[in-house]
Undergrad: 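Mind having a look at this structure? Questions to follow.
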Amino acid sequence: MKDNTKIFYVLLFVLALAVNFAGINTQFFTDDPGLYASIAKNLVYRKEFFELFTYNRDWLDKPHFPFWMVFFSFKLFGINVWAYRLPALLFFIVSLVYTWLFTKKFYGRQTAAIAVLILATALNTILGNTDVRAEPYLMGLIIGSIYHIAGLQQRFSFKHLLLAALLTAFAIMTKGIFVITAIYGGLLGQLIFQKKFKTLFRVKWLLLFVLTFIFTLPEFYALYTQFDLHPEKTVFGRQHVSGIRWFLWDSQFGRFVNNGPINRKTPGSIFFYGHTLLWAFAPWGLLLFYAVFEKIKSVYLGKVVAEYYAISGGILLLALFSLSRFQLPFYTNAIFPLFAIVTAPVCFGQLSKFGTKFRLIAQWLFIILLPVAAIALNMLLKPADNFYIITDVLLFGVIAALIFIKINEAHKKVFMLSCAAALFAGVYVNTVLYNEIVPYKGQIAAAGYVNQHATDNTRVYVLNAENNLFQFYCARPIDIVPTEQFESFKADSTAIFYVNQQSMDQLMQNHAHFKVIRMFTDYPKENILPSFINKNTRDKGLGKVYLVSK
């Protein structure tokens with residue numbers, strides 16, 4: 001890299017880290033982080049490590065590794081939102097480190113720097129580091145596993161063997177055994193396209209498999225002790241539920257074929273992730289499609305390419321996601337490091353005449369679109385304080401001007417401007433948009449009221465399991481009473497029940513007897529609808545939540 005390019009790379013990288021960490025203390029605004037943080041909180045409250053509970057009931061849905069990481073964070077830093085996000089953000093940094101190491105190994109330092117910036121500035125990376133689920137963990141674990149497997153494939157090393165097995169086991173204990181599609185799929189593609197498939201039967205791969213199984217034993221132990229040892233427990237509305245069977249089959253293949261205990265009624269589309277990546281991997285989505293096409297064409301024509309891990313692992317897991325009915329935009333984040341590695345060479349590389357024009361058009365589209373979208377959002381939201389949007393415009397306006405002045409080569413200039421445009425949008429989302437939503441989350445306000453007014457002896461209940469922000473923010477254990485059982489449920493007069501609008505409607509239809517303690521304004525959706533964004537129509541999308549007593 002020339003000096004100017006290096007300076008701007010460092011500047012953009014530092015800003016990217018700051019933007020990805022900017023939402024660390026933002027209050028929860030979707031249900032899943034509230035649920036996962038509540039489960040980790042319950043581990044602390046119950047002084048438990050292996051058994052997962054929500055609303056004081058056994059919980060069987062996701063593996064344990066992220067909850068263990070949050071548990072340690074809560075123990076060290078207290079139970080709060082930033083302590084929940086911190087472990088995920090550390091694994092995000094791990095993903096940047098391993099993306100750098102892997103790309104440098106096969107493509108050189110300049111391409112490695114580009115790949116790291118692509119990963120750190122992709123729109124859904126920034127969104128996922130605030131609305132934290134399992135994906136930031138997987139980003140670090142999958143690319144880390146592949147990096148050490150690549151090292152093991154080239155030359156046997158105990159370091160690579162142990163770290164590949166350990167990271168793969170952690171990935172399995174984060175999302176299930178399907179994650180090996182990307183990890184082992186990357187290895188399989190590398191060996192097949194290098195015509196070294198027979199080397200797959202060497203002892204080192206058997207050792208890798210055995211060590212991975214050994215490192216995964218804590219997950220089997222946790223599931224066995226909580227569920228398989230207790231067939232009398234009722235889970236998914238039935239007894240004799242095996243946690244180990246769930247882990248090996250129902251949570252993975254059962255969801256894939258949609259016949260497990262958790263299923264979806266609406267069919268998925270094999271094209272879902274195609275159009276999702278256009279915005280989720282923005283501003284790099286179009287370049288990713290071009291890079292994948294060029295890579296596959298090179299493989300088809302028999303050309304030697306630097307490596308096959310990234311394209312093989314990324315495409316295989318993406319295909320698996322596309323064939324499954326469980327399709328959510330953030331699923332792709334897990335393989336963003338692989339997509340960044342595939343995309344990086346076309347950003348600075350010598351392309352055909354068509355490729356050069358496509359690269360410029362694809363990037364200028366997002367350079368214009370992302371800042372315009374953020375400014376348009378601000379005009380509709382009409383926040384009370386415009387400090388952040390003004391600071392955003394000034395900061396990235398200066399950066400864009402410096403890039404225009406100091407960077408001469410067109411493809412480098414548009415790459416830097418693409419990074420700046422993505423970070424401009426990311427700053428706006430993390431400092432303005434999310435903080436406009438939080439005051440309309442009635443669950444948080446209701447929990448604050450309970451914390452302030454309830455006595456130590458007050459029992460608190462919810463009538464619906466989808467009230468996990470309330471569960472997390474309420475500083476006491478929460479039990480659940482199904483809405484249909486509310487009327488017959490015996491509780492003293494001091495008991496408090498949290499009721500969302502859906503449950504309230506059901507109580508009214510059943511002519512249940514209750515007294516409203518307090519009512520709170522609530523935005524019930526997780527998706528940010530246009531009616532909410534527009535301040536003039538916001539009231540139409542708002543509802544109410546309630547605290548009631550019997």
Undergrad: How far apart are the closest heavy atoms of V427 and T431, and which atoms are they?
TA: O-OG1, 2.6 Å

Undergrad: Which pair of non-hydrogen atoms, one from N333 and one from G128, has the smallest distance, and what is that distance?
TA: ND2-CA, 4.2 Å

Undergrad: Just do the side-chain contact (heavy atoms from CB on, under 4.5 Å) check on L86 and L90 with the steps written out, would you?
TA: CA-CA 6 Å; L86 181 61; L90 294 178; 4.3 Å; yes

Undergrad: Look at the aromatic rings of F497 and Y461 and report parallel, tilted or perpendicular, splitting at 30° and 60°.
TA: parallel

Undergrad: What's the spacing between E51 CD and I39 CD1 if we round to 0.5 Å?
TA: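 If we round to the nearest 0.5 Å, E51:CD and I39:CD1 are 13.5 Å apart.
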
Undergrad: Centroid separation under 6.0 Å, is that true for the rings of F281 and Y273?
TA: no

Undergrad: What is the minimum heavy-atom distance between F53 and N56, and which atoms define it?
TA: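 In terms of heavy atoms, the two residues are closest at CD2-C, 4.2 Å.
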
Undergrad: Quick check on Q506: does its CD atom have over 12 non-hydrogen neighbours (other residues, nucleotides or ligands) under 6.0 Å away?
TA: yes

Undergrad: Side-chain contact, heavy-atom cut-off 4.5 Å: V179 with L317?
TA: no

Undergrad: For a quick test of reading the model, state the closest non-hydrogen atom pair linking P383 to N386 and the distance between them.
TA: CG-OD1, 3.7 Å

Undergrad: Evaluate the ring pair (Phe, Tyr, Trp, His ring centres under 6.0 Å) criterion for residues F227 and H230: first the C-alpha distance (whole Å), next the side-chain angles of each, then the deciding distance (0.1 Å), finally the verdict.
TA: CA-CA 5 Å; F227 297 102; H230 298 280; 9.0 Å; no

Undergrad: Counting N and O atoms only, with roles assigned by atom type, does the side chain of Q226 sit under 3.5 Å from a partner on the main chain of L52, one being a donor and the other an acceptor?
TA: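 Present.
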
Undergrad: Are any side-chain N or O atoms of T174 and backbone N or O atoms of F170, one a donor and one an acceptor, separated by less than 3.5 Å?
TA: yes

Undergrad: If the plane angle is over 60° it's perpendicular, under 30° parallel, otherwise tilted; pick one for H64 and W68.
TA: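 Rings of H64 and W68: tilted, 30 to 60°.
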
Undergrad: Report yes if some heavy atom in the side chain of L542 is under 4.5 Å from a heavy atom in the side chain of Y523; otherwise report no.
TA: yes

Undergrad: Classify the ring geometry between W82 and F77 as parallel (under 30°), tilted (30 to 60°) or perpendicular (over 60°).
TA: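 Answer is tilted, since the angle falls between 30° and 60°.
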
Undergrad: Answer yes or no: is there a donor N or O on one side and an acceptor on the other, between the side chain of T125 and the main chain of L119, under 3.5 Å?
TA: yes

Undergrad: Classify the side-chain pair T521/K544 by whether it contains a donor and acceptor separated by less than 3.5 Å.
TA: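 Judged by distance alone, the side chains do pair up.
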
Undergrad: Determine whether a donor-acceptor pair (N or O, by modelled atom type, separation under 3.5 Å) exists between the side chain of Q327 and the backbone of S322.
TA: yes

Undergrad: Spell out, as yes or no, whether a donor-acceptor pair under 3.5 Å connects the side chain of N451 to the backbone of A475.
TA: yes

Undergrad: Which of parallel (below 30°), tilted (30 to 60°) and perpendicular (above 60°) describes F247 and F220?
TA: perpendicular

Undergrad: Quick check on K525: does its NZ atom have over 12 non-hydrogen neighbours (other residues, nucleotides or ligands) under 6.0 Å away?
TA: no

Undergrad: To check you understand the geometry: which heavy-atom pair defines the closest contact between I444 and V438, and what is its length?
TA: CD1-CG1, 4.2 Å

Undergrad: Side-chain contact, heavy-atom cut-off 4.5 Å: H148 with L167?
TA: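 SC-SC contact between H148 and L167 confirmed.
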
Undergrad: Rounded to the nearest 0.5 Å, how far does CG of D131 lie from CD1 of I126?
TA: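 With rounding to 0.5 Å, CD1 (I126) is 14.0 Å from CG (D131).
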
Undergrad: Just checking, any donor-acceptor pair under 3.5 angstrom between side chains of Q27 and Y434?
TA: no

Undergrad: Decide yes or no for F29 and T130: does some side-chain heavy atom of the first lie under 4.5 Å from some side-chain heavy atom of the second?
TA: yes

Undergrad: Would the distance check show the side chain of Y473 and the main-chain N or O of Q443 forming a donor-acceptor pair, the cut-off being under 3.5 Å?
TA: no

Undergrad: List the steps and the verdict of side-chain contact (heavy atoms from CB on, under 4.5 Å) for L395 and L15.
TA: CA-CA 10 Å; L395 175 62; L15 286 172; 4.3 Å; yes

Undergrad: Would a distance-only check, ignoring hydrogens and angles, find a side-chain to backbone donor-acceptor pair under 3.5 Å from S503 to V499?
TA: no

Undergrad: Is the OH atom of Y388 crowded by more than 12 outside heavy atoms at less than 6.0 Å?
TA: no

Undergrad: Count the heavy atoms belonging to other residues, nucleotides or ligands that lie under 6.0 Å from OH of Y221, then report whether that count exceeds 12.
TA: no

Undergrad: Side-chain contact test, heavy atoms from C-beta onward, threshold under 4.5 Å: evaluate it for F13 versus L96 and give yes or no.
TA: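 Yes, side chains in contact.
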
Undergrad: Please round to the nearest 0.5 Å and tell me the distance separating atom OG of S95 and atom CD of E135.
TA: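 The OG atom of S95 sits 12.5 Å away from the CD atom of E135.
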
Undergrad: Are any of the side-chain heavy atoms of W284 and L288 separated by less than 4.5 Å?
TA: no

Undergrad: Distance check, rounded to the nearest 0.5 Å: L316 atom CG versus I183 atom CD1?
TA: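 Reported value, rounded in 0.5 Å steps: 12.5 Å.
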
Undergrad: Taking the side chain as everything from C-beta on, heavy atoms only, tell me whether V450 gets closer than 4.5 Å to R476.
TA: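 In contact.
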
Undergrad: Between D492 and T494, do the side chains contain an N or O donor and an N or O acceptor separated by less than 3.5 Å?
TA: yes

Undergrad: What are the two closest heavy atoms between F424 and A374, and how far apart are they?
TA: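 Result for this residue pair: CE2-CB, 3.6 Å.
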
Undergrad: Within the distance-only criterion (no hydrogens, no angle test), does the side chain of K550 pair as donor or acceptor with the backbone N or O of E487 below 3.5 angstrom?
TA: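 Yes; at least one donor-acceptor contact below 3.5 Å.
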
Undergrad: Is the shortest side-chain heavy-atom distance between V235 and W246 below 4.5 Å?
TA: no

Undergrad: Y98 pairs by ring pair (Phe, Tyr, Trp, His ring centres under 6.0 Å) with which of F92, Y147, F91?
TA: Y147

Undergrad: Has R85 got a side-chain atom pairing as donor or acceptor with I24's backbone, closer than 3.5 angstrom?
TA: yes

Undergrad: Quick one: pull up OH in Y428 and CG in L370 and give me the separation to the nearest 0.5 Å.
TA: 14.0 Å

Undergrad: Going from CZ on R133 to NZ on K62, what distance comes out if it is rounded to the nearest 0.5 angstrom?
TA: 9.5 Å

Undergrad: Which of these passes ring pair (Phe, Tyr, Trp, His ring centres under 6.0 Å) with F72: F65, Y84, F49, F67?
TA: F49

Undergrad: Under the side-chain contact (heavy atoms from CB on, under 4.5 Å) rule, what do F28 and N468 come out as? Steps first, then yes or no, please.
TA: CA-CA 10 Å; F28 294 142; N468 291 300; over 6 Å; no

Undergrad: The test is side-chain contact (heavy atoms from CB on, under 4.5 Å); show your working for F520 and Y449 and say whether it passes.
TA: CA-CA 10 Å; F520 304 89; Y449 181 89; 3.8 Å; yes

Undergrad: Counting N and O atoms only, with roles assigned by atom type, does the side chain of S488 sit under 3.5 Å from a partner on the main chain of Q485, one being a donor and the other an acceptor?
TA: yes

Undergrad: Evaluate Q501 against D505 for side-chain hydrogen bond (donor to acceptor under 3.5 Å, both in side chains), listing each step before the verdict.
TA: CA-CA 6 Å; Q501 190 61 59; D505 293 341; 2.9 Å; yes

